[in-house]
Each structure stands twice: as C-alpha cells, then as structure tokens.
Asks: 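There's a structure below that I have some questions on.
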Amino acid sequence: MSSFTTMRHPLTASAAFAAVLLCVSFVSQGECQATTPPPSASCSTYKTCDTCVPNAKCLWCFTTNNCTEYPVSWLLPPASVCQLSQARWGVCWLNFEALIITLAVVGGAILISIIACCCCCCCKKRRSGHDRDEERFARRREEIKQRSEERKVERKARHDEIRRKYVQTRWRLSITEGG
C-alpha cells in the first residue's frame, strides 16, 4: 500500500502544478485581450519621413514626399505606390532596394554557413568511421603479425630441437664408429 501512495503523490503534485500553470496562462491571456490598442493617426497625417517611418504600417515615398499606408497585400510596395529606390520603411536612410539586397546577402551567407557546417559535420563523421575501420584493420594486422611471430618462434624452436637431436645422433654415431 505504501508504494501506491508514493506513486500517487508525485502525480497529484504534477496535476496541481499543471492546473496553476493553466490558470495563470488564462489570466494573462485575458489581460492581453482586454486591452485595446490606442487609436493611431492615419499615415497621411505625417508630413516628414522621420515622423512617418517609425510607424510600422506607414511608408514614406521621396518622389511624392508623402506618407501612405504600407500595402500589406504586397510583400513589396508596387511601383504605382512608390518606386523601390524612393520608398522608405523603418528608417529614412535605407531604401527598399538596399534593404532587399542586404537581406538577400545576409540570408545567402546564413544559408551557405549552414550548408558548410552540415558538410563539415558529415565529412567529420565519415572520416571518423573511416578512422575506426582503419584502426580495426590495423589491430587485425597487428594480431596476424603477432601470431606469425609466435609461429615463427615455435618453428625455430622445433628446428633447433631437430638440429640438436641430429647433432647428438651424429655425435653418437661418430663415437660408435670411431670407438
């Protein structure tokens, strides 16, 4: 019975923690939804680039010197709204063409870096597998060489024994023939 109570206690604590977490998330979500954003001024009310571009929904066009709503249905503002070289969004000193080129270069550099890292990791794994195989073959060669040396020593010992017996036999024959 004691094992059942110890198993239920952590489950109860986990359930209580989950309930508290759920309540806190609902309360904080309710607070977020209860507040309404203050009404913002229309983009056309801004008369300078510095006052227009800090507002994320506004776009400043230098050719017409006016602030317009950013066309959210398009990724980039169409030429009918403003030429890319003359459009400013976020900051006045950076036009859309430069922004696109910069983002493309940074994105390409990140992509190339990720590909290079993946290739390096794959090559490293492949090399380590090759090293393991080579190490195994080297061990196997060493074992074969060691067994060969042992057999060589055994053969030499047998040959020496045979020579010793032959020499003894010849010596005995020479004594018996001579004596």
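Residue numbers start at 1 and run along the sequence shown.
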Asks: What I'd like to find out is whether the side chain of N95 reaches to under 4.5 Å of the side chain of L84, using heavy atoms alone.
Replies: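 No. Closest side-chain heavy atoms not under 4.5 Å.
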Asks: According to side chain to side chain contact (heavy atoms under 4.5 Å, CB included), who are the partners of I114, at least two apart in sequence or on a separate chain?
Replies: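 Residues passing side chain to side chain contact (heavy atoms under 4.5 Å, CB included) with I114: I110, C118.
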Asks: Once rounded to the nearest 0.5 Å, what's the spacing between atom CG of N55 and atom CD of E69?
Replies: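 N55 CG to E69 CD: 8.0 Å, rounded to 0.5 Å.
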Asks: Would you kindly say whether T48 and T51 are connected by a side-chain donor-acceptor distance under 3.5 Å?
Replies: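 T48 vs T51: donor-acceptor pair found between side chains.
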Asks: Could you tabulate the donor-acceptor pairs under 3.5 Å formed by side-chain atoms of residues 158-165, not counting sequence neighbours?
Replies:
| from | atom 1 | to | atom 2 | distance (Å) |
| --- | --- | --- | --- | --- |
| H159 | ND1 | R155 | O | 3.3 |
| D160 | OD1 | R163 | NH1 | 3.2 |
| D160 | OD2 | K156 | NZ | 3.3 |
| E161 | OE1 | R164 | NH2 | 3.1 |
| E161 | OE2 | R164 | NH2 | 2.3 |

Asks: Could you go through T68 and C43, starting from their C-alpha distance and side-chain angles, then the distance that decides it, and tell me whether this counts as side-chain contact (heavy atoms from CB on, under 4.5 Å)?
Replies: CA-CA 5 Å; T68 58; C43 291; 5.7 Å; no
Asks: Between CD of Q86 and CZ of F96, what distance do you get to the nearest 0.5 Å?
Replies: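 With rounding to 0.5 Å, CD (Q86) is 13.0 Å from CZ (F96).
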Asks: To the closest 0.5 Å, what do you measure between CG (L76) and CD (E97)?
Replies: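 L76 atom CG to E97 atom CD measures 10.5 Å (nearest 0.5 Å).
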Asks: Does either side chain, that of T64 or that of N66, offer a donor lying less than 3.5 Å from an acceptor on the other one?
Replies: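 Yes - a donor-acceptor pair under 3.5 Å links their side chains.
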Asks: Treat each ILVMFWY residue as a node, draw an edge where side-chain heavy atoms are under 4.5 Å apart, and state whether V91 and Y70 are in one component.
Replies: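 Cluster IDs for V91 and Y70 match.
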Asks: With a 4.5 Å limit on heavy-atom distance, are the side chains of W89 and P77 in contact?
Replies: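 SC-SC contact between W89 and P77 ruled out.
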Asks: C82 and W60: side-chain contact (heavy atoms from CB on, under 4.5 Å), yes or no, with the steps?
Replies: CA-CA 9 Å; C82 190; W60 181 261; over 6 Å; no
Asks: Just verifying a value: how many Å separate I144 CD1 and F137 CZ, rounded to the nearest 0.5 Å?
Replies: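 I144 atom CD1 to F137 atom CZ measures 10.5 Å (nearest 0.5 Å).
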Asks: Answer yes or no: is there a side-chain heavy-atom contact under 4.5 Å between C67 and L59?
Replies: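 The answer is no; the side chains never approach within 4.5 Å.
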Asks: Take C58 and Y46 through the test side-chain contact (heavy atoms from CB on, under 4.5 Å) and record every step on the way to the result.
Replies: CA-CA 9 Å; C58 297; Y46 301 117; 4.0 Å; yes
